[in-house]
Amino acid sequence: MNNKIINFIKKKDKSKIISLTAYSKNIASIIDRHCDLVLVGDSLGSVLYSFSSTKKVTLDMMIEHSKSVRMGVKKSLMVVDMPHNTYRNPKEALSNAKKIISKTKCDAIKLEGGKKVVQIIKTLIKNKIPVMGHLGVLPQSAKNFKFKGKETAERKIILRDSKLLEDAGVFSIVLECVESSLAKEITKSVKVPTIGIGASVHCDGQVLVTDDLIGLNKINARFVKRYSNIEKQINDAALKFKKDVVKSKFPTKKHSY
Ligand code: KIV
């Protein structure tokens, strides 16, 4: 395990871990100042490409966006999602994870699932590829986006999976839409940091999709808090530009050659 990852794990129980998504350099360079971890999430499929699910996101899309993000991330841990159908067995996962790491120079990859992906995770880690796990709602295979952990049987599986992922060697686990007391129990029982999205304040850190945070992506999920309204600012700027151009107020001599 490299020092960056070791230092990240050490944050558990010391300070809350801050994480946001980025899909391009300019956003990445802003959020990097405040984050411990920048995630190139496959949520880019729905956020940027209006796909109905993340299933259509390809390895090449993740690699191209990650190359852009890499230029903006200087201090945070940079993690890239392995998209759907790129880690169906250990051999496929290793070849694709190596491709992601070598082309994007990211620090780690993230993949979704519990027991089913344990062998895959072990293979990647054996090959020195740091892995972040993802439990709870798993968008790459979810039939619906209902929160997880209401039923006892489901709670047991997610708790068991968190231990399996920890034992397999993940350095952190995203908990997506997991019931609060279960997220608390998992966070207490594993030694690696849990990063919640819709999984309560009890997680070691929080992650949000940046486009949701800044009001660019119109989503009405309970777990989203909008901290800014960038849509309004872009709209106002475009409108002012339009008015200036229509009235020949732009460009002035100052902006001409
Ligand atoms: O794809 C993504 O952005 C994610 C986060 C929501 C955790 O996996």
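All residue numbers refer to positions in the sequence shown, counting from 1. Each ligand, and each atom within it, is numbered from 1 in the order the structure gives.
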How would you list all residue pairs meeting salt bridge (charged side-chain N to carboxylate O under 4.0 Å, His left out) that involve residues 28-40, not counting sequence neighbours?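 Non-adjacent pairs meeting salt bridge (charged side-chain N to carboxylate O under 4.0 Å, His left out): Lys11-Asp36.
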Listed partners of His65 passing ring pair (Phe, Tyr, Trp, His ring centres under 6.0 Å), at least two apart: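 Scan of His65 (ring pair (Phe, Tyr, Trp, His ring centres under 6.0 Å), adjacent residues dropped) gives Tyr49.
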Can you name the residues that form a ring pair (Phe, Tyr, Trp, His ring centres under 6.0 Å) with Phe8, not counting sequence neighbours?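 Ring pair (Phe, Tyr, Trp, His ring centres under 6.0 Å) list for Phe8, sorted by chain: Phe171.
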Evaluate whether atom CG of Asn144 has more than 12 neighbouring non-hydrogen atoms of other residues, nucleotides or ligands under 6.0 angstrom away.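 Yes, the 6.0 Å shell around CG holds more than 12 heavy atoms from other groups.
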May I have every N or O pair linking ligand 1 to the protein at under 3.5 Å, one per line with atom names and distance?
unit_1   : atom_1 : unit_2 : atom_2 : d
ligand 1 : 1 (O)  : Asp42  : N      : 3.2
ligand 1 : 1 (O)  : Asp42  : OD1    : 3.1
ligand 1 : 1 (O)  : Ser43  : N      : 3.0
ligand 1 : 1 (O)  : Ser43  : OG     : 3.3
ligand 1 : 1 (O)  : Asp81  : OD2    : 3.1
ligand 1 : 3 (O)  : Ser43  : OG     : 2.5
ligand 1 : 8 (O)  : Lys110 : NZ     : 2.9

Ser43 and Tyr23: side chain donor to acceptor below 3.5 Å: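 Present: a donor and an acceptor within the cut-off.
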Taking Glu154 for its side chain and Gly149 for its backbone only, find out whether a donor-acceptor pair lies under 3.5 Å.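 Checked: pair present.
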